[in-house]
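What follows is a set of notes on a single structure, which appears directly below.
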Number of protein chains: 2
Amino acid sequence: MNQAIRLHQVASQLRATCNKCSLSNLCLPLALEENELERLEDIVLQGKIFNRGEHIFDQSTPFKSCFAVRSGSVKTSIITEGGDEQVTGFFMPGELIGLDSMATDNYACTAKVLERTSVCEFPVEKLEQLTRKLPELQHHMYHLMSQEIQNSHQLAMLLSKNTAEERIAALLLSLSSRFQRRRMSPTNFSLPMARNDIANFLGLAVETVSRVFTRFQNQGIIKARGREVELLDVEALQLVTRDFARQGCR
Amino acid sequence: MNQAIRLHQVASQLRATCNKCSLSNLCLPLALEENELERLEDIVLQGKIFNRGEHIFDQSTPFKSCFAVRSGSVKTSIITEGGDEQVTGFFMPGELIGLDSMATDNYACTAKVLERTSVCEFPVEKLEQLTRKLPELQHHMYHLMSQEIQNSHQLAMLLSKNTAEERIAALLLSLSSRFQRRRMSPTNFSLPMARNDIANFLGLAVETVSRVFTRFQNQGIIKARGREVELLDVEALQLVTRDFARQGCR
DNA sequence: CGCCTGTTTGACTGCTGTCAAGGAGCGTGG
DNA sequence: CCACGCTCCTTGACAGCAGTCAAACAGGCG
């Protein structure tokens, strides 16, 4: 078989699947009609696979695309000149990465895959062009970016005002609601990230995270064995977070 | 004089001034050509004045517009159900407020004026329409929102990793560079916000802010009398903010 | 002058970071 | 199959930065 033909077949398989994607109700297609979807499918590069630990991009990469997580999970972080890392977010299927980089030539953060992960790539140049033609898509982009700002403010709030217990409770609840959005169990899930990443994200020491987990466990609020977590008493967790009952941190 | 005529005169005075505005190199007009500017001027409501302590909007207000600060300064904060306040930002002339609210029906925060302040209002509905027609303006909007996300991540980083001294040094340097952008003295300025707001913004207690100010003063790094601040040793301040990163990689 | 708000200073407590060591899980190789 | 090394996680002891409480001070304004 001729290679050109084979490539063409692969391309058609990859394309025209946004409308069949189980995440279309979370991702960019959310706002689009059937015929508009096809335009989006024209510009997306679907199904890139990364293995655990690989980088989708890092701060030295010229900014070119946003990425939607299809399966797996991603950690974004800023690496300072001194080599310090600050985790800025965890991204699960249906969520969009790279919105923080549209103001700079290079990516503003480094995106590292926490497990075998599949992503869809949206070249921004084409995306910008398309948003001009599809008002709903433009509106959705503004919506997503605005949401990202809000999330980040919620995180700042968590970091500046809340105790270790409150921060971790908030993260667990955020993850819970995000699993629920994907029709998975909101009380029984596996953490995609290491304690170290949780600690970094929440501005705590690893040891503190570990201690809070065992404290919650002793209080019968959660059950944790390694990365497997079961939320036994969601209301208790919400009580811990007080004002933070909302999904807010990522 | 007939009232309709008078109103019309006022309207023409208010309009067609973006290109004469001293802040056009910071604000939305930044990306626009002469003829495009006129389109922007068509939708902007210029010169709204607020007195110290007044709200431009708050979290119970339906989201309708973004606002550019023309003179004065603004504090945005999130008020939780419990009545807690978290300051999310300080906005100076040329900066745009409300980008965090485009994902929700109501404003995502409360914008309070710190001094007598003049703002320009951009109704988002019209702004969205206009961005579809002016690619440069759309790009600029994405740019600004992205910048806002980055700023917020930087803040989160500051809150999660840095000491009180480092946070305050960083804030002083940020203010300094923002005054400089406006062709004002970068070393001699007046803080628009109270110690309380600084503390809240940086996740500290008022007392701590006060103590750090006096410590910096005793070290000869700054001179502060009330809200009047003079940066005596900018390099020392930069050193304070960087020291932590150095220590971190030991 | 007195009131109110904002700022400063001091004494003390405590949460959380740091240091140190040990345990658990897992893939590799003998 | 076990030993080994590696990474990740847990637990304990201790110290320090920053929060809390309390009080005095300063400045603006009627």
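Chain naming here is simple, since letters A, B, ... match the order of the sequence lines and numbering starts at 1 in each.
What separates CD of Glu165(A) from P of dT16(C) is a distance of 8 Å, to the nearest Å. Here dT18(C) presents its C1' atom at 15 Å from NZ of Lys161(B), a figure rounded to the nearest Å. To the nearest angstrom, C1' of dT16(C) lies 9 Å from CZ of Arg167(A). Rounding to whole angstrom units, CG of residue Asn196(B) and P of dC4(C) are separated by 18 Å. To the nearest angstrom, P of dT20(D) lies 11 Å from CG of Leu204(B). In this entry the distance linking CD of Glu228(A) with P of dT10(D) reads 13 Å, nearest Å. Atom pair Arg215(A):CZ and dT11(D):C1' shows a separation of 12 Å (rounding to whole Å applied). Atom CD1 of Ile198(B) and atom P of dT8(C) are 9 Å apart (whole Å).
Taking the side chain of Glu207(B) as heavy atoms from C-beta on, and the options dC21(D), dC9(D), dT11(D), the nearest nucleotide is dC21(D). The side chain of Ala164(B) approaches dA18(D) more closely than any other nucleotide in the set dT7(C), dA18(D), dG17(C). Set against dG17(C), dT7(C), dT10(D), the side chain of Arg227(B) has dT7(C) as its closest nucleotide. Checking dT18(C), dC9(D), dT7(C) against every side-chain atom of Arg195(B), the shortest atom distance belongs to dT7(C). With dT9(C), dT10(D), dT16(C) as the choices, the nucleotide that has an atom nearest any side-chain atom of Ser210(B) turns out to be dT9(C). For Thr214(B), the side-chain atoms get nearest to dT8(C) when compared with the rest of dC9(D), dT8(C), dG17(C).
Counting only heavy atoms from C-beta outward, the side chains of Glu95(A) and Leu26(A) never approach each other to under 4.5 Å. In this structure, Thr110(A) and His55(A) have side chains that are in contact, with non-hydrogen atoms separated by less than 4.5 Å.
Taking side-chain N and O atoms only, Thr208(B) has no distance below 4.0 Å to OP1 or OP2 of dA18(D).
Between Phe90(B) and Phe201(B), a ring centre-to-centre spacing shorter than 6.0 Å is recorded.
For Glu121(A) and Lys64(A), the salt-bridge test passes: some basic side-chain N is under 4.0 Å from an acidic carboxylate O.
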Output, in order, the C-alpha distance, side-chain angles, deciding distance and verdict of side-chain contact (heavy atoms from CB on, under 4.5 Å) for Ile56(A) and Val74(A). CA-CA 9 Å; Ile56(A) 302 177; Val74(A) 180; 3.9 Å; yes
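Side chain Arg211(B) to base dG10(C): a donor-acceptor pair is found below 3.5 Å.
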